[in-house]
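In what follows, chains carry the letters A, B, and so on, assigned in the order in which the sequence lines appear, proteins first and then strands, with residues in each chain numbered from 1. Values below: all heavy atoms of this structure, side chains included; hydrogens, waters and symmetry mates excluded.
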Number of protein chains: 2
Amino acid sequence: MTQDGRRLRGLRSREAILERTVGLASVEGLDGLSLGRLAAATGTSKSGFFAHWRDKEELQLDAVEWAARQWKEHVVAPAMSAPPGVRRLFALHEARMRFYSDGVLPGGCFFFTVQAEFDDRPGAVHDRVARAMREWQEFIQRLVTQAKELGELVEEADPAQLAYEIDALGEMTIIHSRLHDGPAALTHARRAVLQRLRALCPEPALLPED
Amino acid sequence: MTQDGRRLRGLRSREAILERTVGLASVEGLDGLSLGRLAAATGTSKSGFFAHWRDKEELQLDAVEWAARQWKEHVVAPAMSAPPGVRRLFALHEARMRFYSDGVLPGGCFFFTVQAEFDDRPGAVHDRVARAMREWQEFIQRLVTQAKELGELVEEADPAQLAYEIDALGEMTIIHSRLHDGPAALTHARRAVLQRLRALCPEPALLPED
DNA sequence: CGACTATACAAACGACCGGTCGGTCAGATA
DNA sequence: TATCTGACCGACCGGTCGTTTGTATAGTCG
């Protein structure tokens, strides 16, 4: 537990490798990305990876963890600084849109790519991704429930239903914007969630008009 | 142009190979799927493919074409037998849900997997997939416009906006149902589109209540 | 019948894959 | 000082990738 220059250096390059891995995986996927190309992109040697991870799957699992942390920093945290209720709910959606439009990750969304890659492939990575997505879904549901308790959403609003809609409308942004729509998908996704929330909110003035 | 038993046989195995390709690609993607495994799955030899396609990319392009045809048969055609207007629009969404829940493709949706795979990778396959998705989007928009002309959707309904919402809510079904939700995602997606259409329809009685 | 063509095959190619190996070197320990 | 350890490397392994080559077979046509 003393300060060890070797371990410090190791931790630093470990973080750098994970950041590159998540970025590249958002484009090519976690399996499509080969260790050789990853080594070239990070300026290290292929075999150097095995000082940090036992095999490729361990690197993939750590990459999922890293991406989840990045998501919390860029999307969840900004939303939590908004007042609870529908405003926080919409702030979450807007933070997500900003994450996409700012191009934080070259491929748009790490979890979208990885979900599509592993949804039919059983294994440790599948389970880890599924857990992350379940936690994300439950988090949106909690915000919906909180908004209902504050009287900012009508009683009929079903948290699971609304959470599904918000997530689906947000997640499909990247694929639409990249394949044909361009920036139009961003405004469509923003307006869709905004209108949905306003329709369910007794005080629509809490939210922007458009 | 005479009847040639060889070409007939060739066409038959060509179709059989394409069907297997689309099915497997809906799970593993078009690039993730290797010719060796594809050969094993179709009971042919790896090199036999090159009698039908110049290289892997040509097979991928034909697979996209085949999947588009399958989609039209299973989703578009059933919707067209419904009366035009909001009922046809909702029939389209329901046909899609049935396509997913029936498990027509082992991976759920070919285009979802392939979109995620090629959205950031330029090339012929990317362009072909993008065209297919644009045509699909435009088709939904035409149905929305038609419903407006029939007075079954209010004038404020924006075709591009509504088409985006319908497609996004439908498309995210598979990933949700496969990774955590189970069948709940199907009912969420169905109800979301139904409520959206009923809210925009002057005669909600045209649509089921739930 | 032979010439030709479409279909299919086994074998082999170079390139690249994930992973292992022995070794180098800097920093910690005593 | 000598010893040990963690980070990192180049070289290499067996295996799989997409593709090429050469060959066999079956159907068509002159």
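A salt bridge links B:Arg69 to B:Glu15: one of the charged nitrogens lies within less than 4.0 Å of a carboxylate oxygen. Checked for salt-bridge contact, A:Arg96 and A:Asp167 meet the test: a charged N lies under 4.0 Å from a carboxylate O.
When the C1' atom of C:dA8 is taken as reference, atom CZ of B:Arg14 falls 16 Å away, rounded to whole Å. In this structure, B:Trp53 places its CH2 atom 16 Å from C1' of D:dT19, rounding to the nearest Å. The nearest whole Å value for the distance from the CG atom in A:Asp55 to the P atom in D:dC13 is 22 Å. What separates CG of B:Leu59 from P of D:dG18 is a distance of 10 Å, to the nearest Å. Distance B:Phe49 CZ to C:dA8 P: 11 Å, rounded to the nearest Å. Here the C1' atom of nucleotide C:dC17 and the CG atom of A:Asp31 are 11 Å apart, to the nearest Å. Atom pair B:Leu35:CG and C:dA12:P shows a separation of 20 Å (rounding to whole Å applied). Remark: C1' of D:dG18 and CD of B:Gln60 are 11 Å apart, rounded to the nearest angstrom.
Note on A:Ser47: every side-chain N or O is 4.0 Å or more away from OP1 and OP2 of D:dA11. Phosphate proximity of C:dC17 to A:Ser34: present, with a side-chain N or O under 4.0 Å from OP1 or OP2. At the phosphate of D:dG6, neither OP1 nor OP2 sits under 4.0 Å from any side-chain N or O atom of A:His52.
Geometric assessment of A:Arg121 against the ring of A:Phe118 yields a positive cation-pi assignment under the 6.0 Å and 45° thresholds.
Looking at which nucleotide of DNA chain C each of A:Phe50 and B:Gly48 is closest to, the 5′-most match is held by B:Gly48. In terms of position on DNA chain C, the residue among B:Lys46 and B:Gly43 whose nearest nucleotide sits closer to the 5' end is B:Gly43.
Using modelled atom types and a 3.5 Å distance limit, the side chains of B:Gln195 and B:Arg190 yield no donor-acceptor pair.
If you look at A:Trp71 and A:Phe99, their ring centroids are closer than 6.0 Å.
Among the atoms of the strands shown, only primed sugar atoms or phosphate atoms (P, OP1, OP2) are found under 4.0 Å from some heavy atom of B:Leu33.
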